[in-house]
Amino acid sequence: MKYMIMLFGEAATWWETKSPEWLNEMHQFMMKTDQALRDSGEYVDGRALADGQTAKTVVIKDGTPVPTDGPFAESKESLVGFWIVDVDSEARAIEIASEVVAFTERPLEVRQVMSAPAEI
Amino acid sequence: MRTENPIEDLLRGLAPQVLGALVRRHGQFDLCEEAVQESMLAAALQWAEGGVPESPRSWLMTVASRRLVDGWRSENTRRRREETVAAMRMPGPGQVTDRDDTLTLLFLCCHPSLTTSSQLALTLRAVGGLTTAEIAKAFLVPETTMAQRISRAKQTIRRAGARFDLPPPSERAGRLRVVMQVLYLVFNEGYTTSSGADLLRADLTTEAIRLTRLLYQFVPDEGEVAGLLALMLLTDARRAARVDADGSIVPLAEQRRELWNRDQVEEGLALLAHTLGTAPIGPYQLQAAVAALHDEAPSAEETDWPQILALYDVLERVSPGPVVTLNRAVAVAMVHGPRAGLALLGTLDADERMAQTHRLEAVRGHLLELAGDPLGARQSYLRAATMTASILEQRYLTMRAAHLR
């Protein structure tokens with residue numbers, strides 16, 4: 001089963017408030033977690049997204065698509081990054097997320113990725 | 001890419017020669033290209049088992065030609081063949097060398113009708129002899145995506161009616177500029193990856209240097225080609241010092257210079273010494289000269305900044321642009337003080353070409369730090385951090401900011 005583990009929020013508030021030591025530990029922790037998922041054979045994909053402030057949102061205005069500055073959701077609810085893992089159970093996906101949350105003290109959303117028909 | 005495998009190195013060197021000869025004989029660049037890839041795969045398997053044949057080149061030619069003929073047997077491709085023969089007429093007989101063929105291939109892969117990403121992919125496959133899987137991995141895209149990109153690139157070339165011939169003299173300089181740009185982009189893609197967590201993808205820089213060296217051997221009198229090769233060597237020489245043990249970026253001034261690759265520095269310096277003054281000056285030679293001054297300095301403090309500033313002054317005249325101004329501002333700061341550099345940076349604030357890049361704010365942060373304004377520097381670093389698409393650069397900028405609190 002594939003699950004997407006998503007981090008929402010604003011990385012910028014970390015940079016502004018946390019100590020260099022904590023930030024460094026956080027980077028190391030994230031890299032270690034990423035490597036552990038690869039080593040265990042559960043890693044499918046993982047990406048960090050550029051800051052939400054750089055996002056453009058395309059909306060429809062009078063029937064015409066128009067690009068606007070900023071993310072779709074409020075900046076503080078914007079997607080920061082994600083992992084997709086292929087695991088045996090939802091419990092395992094939650095276990096992975098819990099390890100990260102224990103460190104970052106920020107919520108993570110765990111949601112199953114729907115399966116698609118096999119390629120013909 | 002760098003391999004430990006002599007058979008693969010041999011094959012990759014032969015790939016453009018065999019492809020060139022095949023296209024010259026049959027036209028049909030796209031089909032020949034596939035046939036050569038298949039022959040290389042077959043060779044990699046068979047030579048590893050039974051040893052390298054006496055004439056590896058003829059072996060590949062024979063196998064690739066056979067694949068080509070097999071392909072023609074299907075009705076579908078026969079129809080396609082008629083179209084392609086019309087689209088790409090074969091050049092007349094005459095003295096044709098591997099040099100011409102490889103050059104012609106480079107020009108064809110960097111055809112102006114292609115998008116930049118297609119030029120890169122096609123060059124790496126047809127001239128570099130890399131497999132689609134290897135190229136996909138290097139650019140962090142799925143293999144099917146890369147296969148499609150390469151296949152569409154070949155269709156585009158066919159539709160553009162490109163001939164397997166060297167470009168006419170009137171177009172040569174412009175086309176050579178595109179080839180150099182593509183090779184430099186491959187290098188930069190490896191050296192500062194535009195996305196992802198690995199700052200260095202050494203395999204791409206190594207490949208870019210190999211292909212540029214190949215180009216240089218064929219056109220040794222082109223000063224800018226020599227300049228480009230020197231620039232790559234002199235930049236890549238610092239590779240080992242550029243990230244520390246936990247993968248963090250180390251800025252030039254803080255790098256451990258004993259880790260720099262002296263052989264590469266020497267080769268780059270020799271190229272530059274041979275070229276400067278004998279060929280018309282251009283942006284690659286000038287940038288290489290700047291890189292050389294950094295590489296020659298025994299320590300960051302001993303860097304010859306006045307000379308670097310003089311080079312950027314020339315560069316600004318030869319090829320003006322916001323990135324040159326940005327670099328020149330750093331040199332101005334080192335020679336005339338940070339405030340002078342900041343004043344020059346200010347001229348870029350209204351430049352729309354700088355609006356999408358983090359580099360302006362990153363440099364401003366650095367100069368504000370030098371000017372003794374930690375709070376201003378911090379703000380600039382944080383702004384730069386929200387703008388970059390490189391995880392490692394973001395990490396570097398946020399750490400820099402965090403230390404200034």
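Residue numbers begin at 1 in each chain, while the letters A, B, ... track the order of the sequences. Remember, predicted model here, so these are calculated numbers, not experimental data.
Contacts classified as side chain to side chain donor-acceptor pair (under 3.5 Å) and involving residues 77-88 of chain A (residues at least two apart or in different chains) are given here: Asp34(A)-Trp83(A). The side chain to side chain donor-acceptor pair (under 3.5 Å) analysis of residues 89-100 of chain A, with sequence neighbours excluded, yields the pairs Glu42(A)-Arg92(A), Arg92(A)-Glu95(A).
When all heavy atoms are compared, the tightest approach of Ile391(B) to Ala48(A) is CD1-CB, 3.9 Å.
Under a cut-off of 6.0 angstrom, the local environment of CZ in Arg111(A) is sparse, with at most 12 non-hydrogen atoms contributed by other residues, nucleotides or ligands. When the shell of 6.0 Å around CZ of Phe29(A) is examined, it contains more than 12 heavy atoms from other residues, nucleotides or ligands. For Glu258(B), the CD atom sits in a packed shell: over 12 heavy atoms of surrounding residues, nucleotides or ligands are nearer than 6.0 Å.
With rounding to the nearest 0.5 Å, the separation of CG in Asp51(A) from CD in Gln394(B) is 7.0 Å.
When side chains are defined from C-beta on, Thr386(B) counts as touching Trp15(A), because their heavy atoms get closer than 4.5 Å. Using a 4.5 Å heavy-atom threshold, the side chains of Asn24(A) and Arg395(B) count as touching.
Listed by sequence position, the residues of residues 58-69 of chain A in contact with chain B number zero, using a 4.5 angstrom heavy-atom cutoff. Chain A is approached within less than 4.5 Å, heavy atom to heavy atom, by Thr398(B), Met399(B), Ala402(B), His403(B), Arg405(B) from residues 398-405 of chain B, ordered by number.
For Glu16(A), the parts lying near chain B are the backbone and the side chain together; criterion is any non-hydrogen pair under 4.5 Å.
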